[in-house]
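Step one of this worksheet: look at the structure below.
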Number of protein chains: 2
Amino acid sequence: MAESSAVERDPKAVSSFVEGFAAQLVEAGMARMPSRVFAALLSSDSGAMTSAELGELLQVSPAAVSGAVRYLAQQHMVRREREPGSRRERYRVHSDQWYEALTSRDAVLKRWEHALREGVDSLGAETPAGQRMAETVAFFEFMEGELAQVMERWRAHREELFGQD
Amino acid sequence: MAESSAVERDPKAVSSFVEGFAAQLVEAGMARMPSRVFAALLSSDSGAMTSAELGELLQVSPAAVSGAVRYLAQQHMVRREREPGSRRERYRVHSDQWYEALTSRDAVLKRWEHALREGVDSLGAETPAGQRMAETVAFFEFMEGELAQVMERWRAHREELFGQD
DNA sequence: CCTTAACTTCACAAATTTCTGAAAGAAGCG
DNA sequence: CGCTTCTTTCAGAAATTTGTGAAGTTAAGG
């Protein structure tokens, strides 16, 4: 029996997790294929898979994998790795990296801030609507600072729990 | 000139903000119509509009407004208000409430946690994949606690900036 | 208790999104 | 330097999503 690492992996269990977790991501607003690819990587023991492996596991075409991976890389949820020898590419979840990307979502917050600031300007800072937006902008600014600190604390907390990587 | 509150509202400017901010929300994963309705409410001076007003401003059918508002209410991003006399209904953004709902997203985090826990169980807590997921679960647990505290601090900070409502 | 105004639900049409197959494009290896 | 292997791009088919019109439901007001 092919038992390269340590424990048996039941394909049924893996697939069940992949599809279940992907569904949650979809419900949270992520497109289907990136969700499935991401869940698949998360469920792999090495934390990395090749394009071919992903296509095989998820039963989709190389094109679909390509599109999903491009999206995930843009969002900093996976990292591309060229394997030195072969022209194969591997996609990897950096266990500590992906949830930082997922929660902070700096770019998104920044764009919201920007749009809201424009709203304050164009509607007038002294109007009730303008004031409401100004408050929201203040909230996002505050949040950005706090989030950075929370992530600091998380790293410390994580070392306590698991030891550093 | 109909100037009931205080300042002139340029319809062009309002519409420009509404569509621009809605586009940002769409990009972050929210459906189009809820995004537009929400942006419209945010841009109104009173922070509340009737179904008819929304339909008029956004040029959509009552049915579309109804669907969008149902979604927003479920997400706690707007609150329904029955006007005592008329059978009209008003939809309101509670300026301090909506961004809390938007950023914490308790329900979403809880479901992710649940799905990941199932992953740990079904793949095995001792496998590398299981360990990676366990770490992620720990992260979400940590985050929940921290977020609550951050929101506390925000409320204090907000009073400093704007005075209590 | 009937009328009327407002909101909701439902089935369908239109528009958008998503995935595939095929062809073109890189990059190692002989 | 050409062959081979893997990845990306592109056009189109299929499926999903989105918004409308029309009928249905609820509740105020006469």
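The analysis underlying the following values was restricted to heavy atoms, covering all of them including side chains, and did not include hydrogens, waters or symmetry mates.
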Options C/dT9, D/dT9, D/dT18, nucleotide nearest the side-chain atoms of A/S66:
D/dT9
With the side chain of B/E89 defined as its heavy atoms from C-beta on, choose the nearest nucleotide among D/dT8, C/dT8, D/dT20.
C/dT8
Of the candidate nucleotides C/dC7, D/dT9, D/dG19, which contains the atom at the shortest distance from the side chain of B/R88?
C/dC7
Parallel, tilted or perpendicular for B/W154 and B/H157, by the 30°/60° rule?
tilted
Measuring from B/L109:CG to B/F139:CZ, what's the distance to the nearest 0.5 Å?
9.0 Å
What is the distance from CD of B/E56 to P of C/dA6, rounded to the nearest Å?
14 Å
Distance check needed: D/dT7 C1' versus A/L54 CG, whole Å only.
13 Å
Whole Å only: how far is the CE atom of B/M49 from the C1' atom of C/dC7?
17 Å
Can you tell me how far P of C/dT17 sits from OH of A/Y71, to the nearest Å?
14 Å
How many Å lie between CG on B/L58 and P on D/dT18, as a whole number?
16 Å
D/dA27 phosphate, OP1 or OP2, under 4.0 Å from B/R82 side-chain N/O:
no
Within the structure shown, what part of the strands sits under 4.0 Å from A/R87 by heavy-atom distance: base, sugar-phosphate, or nothing?
base
I need the B/Q149 CD to A/R153 CZ distance, nearest 0.5 Å.
7.0 Å
Side chain of B/A63 only, please: which of D/dG21, C/dT20, D/dG19 is the nearest?
D/dG21
B/S51 near the nucleic acid: base, sugar-phosphate alone, or nothing, with a heavy-atom cut-off under 4.0 Å?
sugar-phosphate
Quick check: are there more than 12 heavy atoms from other residues, nucleotides or ligands sitting under 6.0 Å from CD of A/E56?
no
Report the distance from atom CE of A/M30 to atom P of C/dT18, rounded to the nearest whole Å.
12 Å
By nearest nucleotide on DNA chain D, pick out whichever of A/R80 and B/M33 is the more 5' one.
A/R80
CZ of A/F21 to CE of B/M133, rounded to nearest 0.5 Å, is 8.0 Å
Please state how far atom CD in A/Q59 lies from atom C1' in C/dT20, giving the value in whole angstrom units.
14 Å
Take atom CZ of B/R36 and atom C1' of D/dT18, then tell me their distance rounded to the nearest Å.
12 Å
When A/S86 and A/R32 are each assigned the nearest nucleotide of DNA chain C, the 5'-most assignment goes to A/R32
Could you check whether A/V65 gets within reach of a base, just the sugar-phosphate, or nothing at all, counting any heavy atom under 4.0 Å?
nothing
